[in-house]
There are 2 protein chains.
Amino acid sequence: MARRQGTGEVTISDVARLAGVSKAQAARAMGGYGSVSNEVKQRVMQAAQELGYRPNALARSINTGKSQSLGVVVGDVENPYFGLVTRGISDVARRHGYDVVLANTGESLADEEKAVKMLLDKRVDGLLICPTSRTSHGHILDVERSGRPVVLFDRDISVSGLDMVQMRIAEATREAVQGLIDAGHRRIAYISTLKLATDGFAPGQDLDLSTVSQRVDGICRALEDSQIEVDPVLFQFGASDRQSVDGILGEMLELAEPPTALVASDSLVALDLLLSLKGRGLRIPHDVSVVMLDDQPWAELVEPPVTAVRQPAYDLGEQAATALFERIDGAEGGREIWLTPHVVTRGSVGQPLGQVRQPG
Amino acid sequence: MARRQGTGEVTISDVARLAGVSKAQAARAMGGYGSVSNEVKQRVMQAAQELGYRPNALARSINTGKSQSLGVVVGDVENPYFGLVTRGISDVARRHGYDVVLANTGESLADEEKAVKMLLDKRVDGLLICPTSRTSHGHILDVERSGRPVVLFDRDISVSGLDMVQMRIAEATREAVQGLIDAGHRRIAYISTLKLATDGFAPGQDLDLSTVSQRVDGICRALEDSQIEVDPVLFQFGASDRQSVDGILGEMLELAEPPTALVASDSLVALDLLLSLKGRGLRIPHDVSVVMLDDQPWAELVEPPVTAVRQPAYDLGEQAATALFERIDGAEGGREIWLTPHVVTRGSVGQPLGQVRQPG
DNA sequence: TTGTATGCGTTATCAA
DNA sequence: TTGATAACGCATACAA
C-alpha cells in the first residue's frame, strides 16, 4: 500500500502491467532504446495507446541530464526586431525537437539575473542571452562556469571567450551616415533609447550596450573621415517614449546650429521621431533628413519612405540557435559570428536647408 | 561506491554533508518548508553558498507535481499583435514566479498538436492556446481531460465549456463599417489572410477562425442594418503576402462595381494593402477609403493616418494568464472573458467617388 | 527539531 | 531479449 499518492497520471508501470511485461521492457519499448522484441514492442505500444500514456519528460530529464529545452533571455519581445529574432530561434529549436523557455526581462538587469537563475534551475540544455549590460555580466559567466553552453546574441559583453552572434552594424551605420554627409549634411544627430549612466555624453565614452556603442562608433567614424566635428550635444539618449523623443527633438531644434539630419537608433525611436516631426509640421527631407537604424515594413509605406539599415533579424536568431546546438553537441566555444546589415536607400534623405549661423 | 555517475552538479547531499546535517534537513532549509532550527538553517545556507548549490527544479517538480511553468501556444509571435499578447502573458507569469514555454506553430495544426503534446509531457502547470482551428480541437479537449487547465485566448473553438479570453471585435468591426456606410460607401471589401477550405466564399459560411468569423459577421451586420447587399465577391481570403494582396486588389478593382472602401483584417494585411494602393497611385481617401482591424503605431504616421480598430492586446495576454492562474489555484473553469476594442477614427475614410455603373 | 526511509517516474546497470 | 533493481535529486511520512 502506497504511503503517498502519485500524480494520478498513467505511468510506465501501468503500461507494463497491461502489456504483461516488466517495467524495464515497457520503458525500453517506449523510449526506443535497448533491445526489445517486435512482439513486446507491439504489445507495449498497444497498451500505451489504450491507456493514453504519455512519458513524463521531467522524470526522463532527471535521468538523462537533458531537458530538451532552450532558455532565451531577451529584453523586449514587443520590439519587432526581437520578435523576429525570437521567431528564428524558435524555428531552429523546433526543428531539433527542443522547446523554448522565454524570459522577457524588460531590460532590467535584476530580472535578467533572476531569469538566468530560474532557467538554470530548470536545467535548460543551453541559453541564448541578449544581455542588458556589457559590464554587469557575472551571472552570464556563472552559466559558462556551470558548464552549460551559452550563446550571446545581438549584444556583446566586455569579456571575450563566449560564443556570440552579432550584427556588424557599425559599418552599415557608417555607410548610412556617409550618405548623409554626401548629401551635404554636417550637423547629424543620433537618438537612442539607452539610458546613460553618466549625466552627459562625451565622444569616445564607453556605452553599456554594444549595439549602441557600435552605432555611435559608426557615426563618429563617418564624421571623422570627412573631418566633421563630433558634437556631443547631437548625441541624445534616454529616448524611451514619445514624450521624451519630442522633448529631445525640441531642444535640439533650438540649438544655434540645429541638426539637419536625424539618425534614429531603432524602429521604435524612429516612429516616435517621425510622429514628432509630423506634429511640428517639419517636412522630410526638405526640412530635415531621417535615417533609421533598423528597417521595418512600414518604413516603405510612409511618405517619404524612410532610408534604413536593414538587419537580418531572423537570421540572427537562426544562427544563434544553431551555434548553441553545436555547443550542446560538443563543439568548442568562443566563436564569434557576425551578420551584415545593409543600407536600404529610400526617400528620407535630401540636401540640408542652407542654415544660417546665428550671429555671436 | 556509486554505480552510476551523477550529473556532476552539486546536490543537496553535498550541501548536507558540508553542513553536517541530514539530507532531509538540508532540503528543508533550502526549500523553506518543514521546521529547521535557525542554527541549522544558517549552516546549510552557508554550505550551499560555498558550493554554489542550486536546487534542481526538475527533481522538485517530479515530487510536487508542479513545474512552475506555463505553456503558450501561438501561431505567429512575429505578428506585433501576438507579440504584445505574449508580453502581457509573460509579465503576469513572471509576477507569479512562473516562466513561459513558448511554442510558435506558424499556424500549422500539426505543429500545434505536437507542441501541445510536448508541453504536456513537460508537465507545464497550465496552457494558454490560441487555436489554429475552430473545428480541429481534439488535442485541446484532451488537455482539459488530462486535468491540466487550459485557457484559450484570442480565438474560440466550436465547443463550449472551456475558459477563453476574446476580443469583442464583431461589434467594433460593425461600428467601423457603419462609419464607412455613413460616409456614403455601399461597396465595401474585406481582405483576410485566412486560407479558405472551400473554393469561394458565401455569406453565412462557417469560417474556421473565430476572429475572422467575428469580423465578417460585424461587416455583414452593418451592411444588413442599412439594407446593403452582401456581395460575396467583396470578401477575399488567402491574402498571405504582398503579392497575393496585390492580386486580390487588382481583381476587385476590375469589377463592374469595384469597392470604394477596403477593410484590412489585420495590420499585416493593411500594410501590404496600403503598399499596393500606393504602387497603383490610388489616393486615400479620395479614390478609396481604408480601415484596418488592428491598430498599430505606424497607422498614425502614414499619410493619411489610418482609421483602425484598436485591440487591447496586452490586456488580452494579462487577462488570459490571470485566468489561467486562477484555474491553477483551483477556480472553476468555463469562464468567458470579453475585451472591447474601439474604433480610432483617423483620416483614411472619406466619401466614395461617384462611381459609374457599367452599362449592360 | 531531526534523521531514516520511501516515493516520484523515468533511465541505466547487471545478471539471467 | 528480458527482468529485477539501483540511481537520478528532491520531497515527505513517520519515528525518534
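Chain naming here is simple, since letters A, B, ... match the order of the sequence lines and numbering starts at 1 in each.
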Exercise for review: Ignoring backbone atoms, establish whether B:Thr11 has a side-chain N or O less than 4.0 Å from OP1 or OP2 of D:dG9.
Suggested key: no

Point to revise | Of the listed nucleotides D:dC10, C:dG9, C:dT10, the one nearest the side chain of B:Ile62 | key: C:dG9

**Study point:** Rounded interatomic separation in angstrom, taking CG from A:Asn63 and P from C:dC8
**Key:** 15 Å

**Study point:** Check ion pair A:Asp91-A:Arg87 (N to O, under 4.0 angstrom)
**Key:** yes

Review point. Are any of B:Tyr33's side-chain N or O atoms less than 4.0 Å away from OP1 or OP2 of D:dA13?
Key: no

Check your understanding: When we call it a touch if two heavy atoms are under 4.0 Å apart, what does A:Ala24 touch: a base, just sugar-phosphate, or nothing?
Key -> base

Review point. Taking OP1 and OP2 of D:dA11, is either one under 4.0 Å from a side-chain nitrogen or oxygen of B:Arg60?
Key: yes

Review point. Below 4.0 angstrom from OP1 or OP2 of D:dA11, is there any side-chain N or O of B:Thr64?
Key: no

Practice item. Report yes if a side-chain nitrogen or oxygen of B:Ser13 is closer than 4.0 Å to either non-bridging phosphate oxygen (OP1 or OP2) of D:dG9; otherwise report no. Key: no

Exercise for review: Provide, to the nearest angstrom, the distance between the CG atom belonging to A:Leu58 and the C1' atom belonging to D:dC8.
Suggested key: 12 Å

Check your understanding: Over how many whole Å does the gap from A:Asp121 atom CG to D:dG9 atom P extend?
Key -> 14 Å

Review point. Given atom CG of B:Leu51 and atom P of D:dG9, what is their separation to the nearest angstrom?
Key: 14 Å

Check your understanding: Do the side chains of A:His137 and A:Ser158 get nearer than 4.5 Å, heavy atoms only?
Key -> yes

Check your understanding: Do A:Gln42 and A:Gln46 have side-chain N/O donor and acceptor atoms under 3.5 Å apart?
Key -> no

Study note, to complete from the structure: To the nearest angstrom, the CG-P distance between B:Asp14 and D:dC8 comes to 11 Å

Review point. Got a donor-acceptor pair under 3.5 Å from the side chain of B:Arg28 to the base of C:dG3?
Key: yes

Exercise for review: For B:Val36 and for B:Ala59, find the nucleotide of DNA chain C with the closest heavy atom, then tell me which residue's nucleotide is more 5'.
Suggested key: B:Val36

Exercise for review: Round to the nearest Å and state the distance from A:Tyr53 atom OH to C:dG9 atom C1'.
Suggested key: 7 Å

Practice item. Whole angstrom is fine here: how far is it from CE in A:Met30 over to P in C:dT11? Key: 9 Å

Check your understanding: Do A:Glu107 and A:Lys195 sit within salt-bridge range, that is, some charged N less than 4.0 Å from a carboxylate O?
Key -> no

Review point. Quick one: are A:Arg60 and A:Gln68 in side-chain contact, heavy atoms under 4.5 Å?
Key: no

Practice item. Please tell me which of B:Val10 and A:Gly20 maps to the more 5' nucleotide of DNA chain D, matching each residue to the nucleotide holding its nearest heavy atom. Key: A:Gly20

**Study point:** Whole angstrom value for the distance that separates C1' of D:dG9 from NZ of A:Lys122
**Key:** 16 Å

Check your understanding: Does OP1 or OP2 of D:dG3 have a side-chain N or O of A:Gln25 closer than 4.0 Å?
Key -> no

Check your understanding: Hey, does the side chain of A:Ser37 come within less than 4.0 Å of D:dT2's phosphate (OP1/OP2), counting only N and O?
Key -> yes

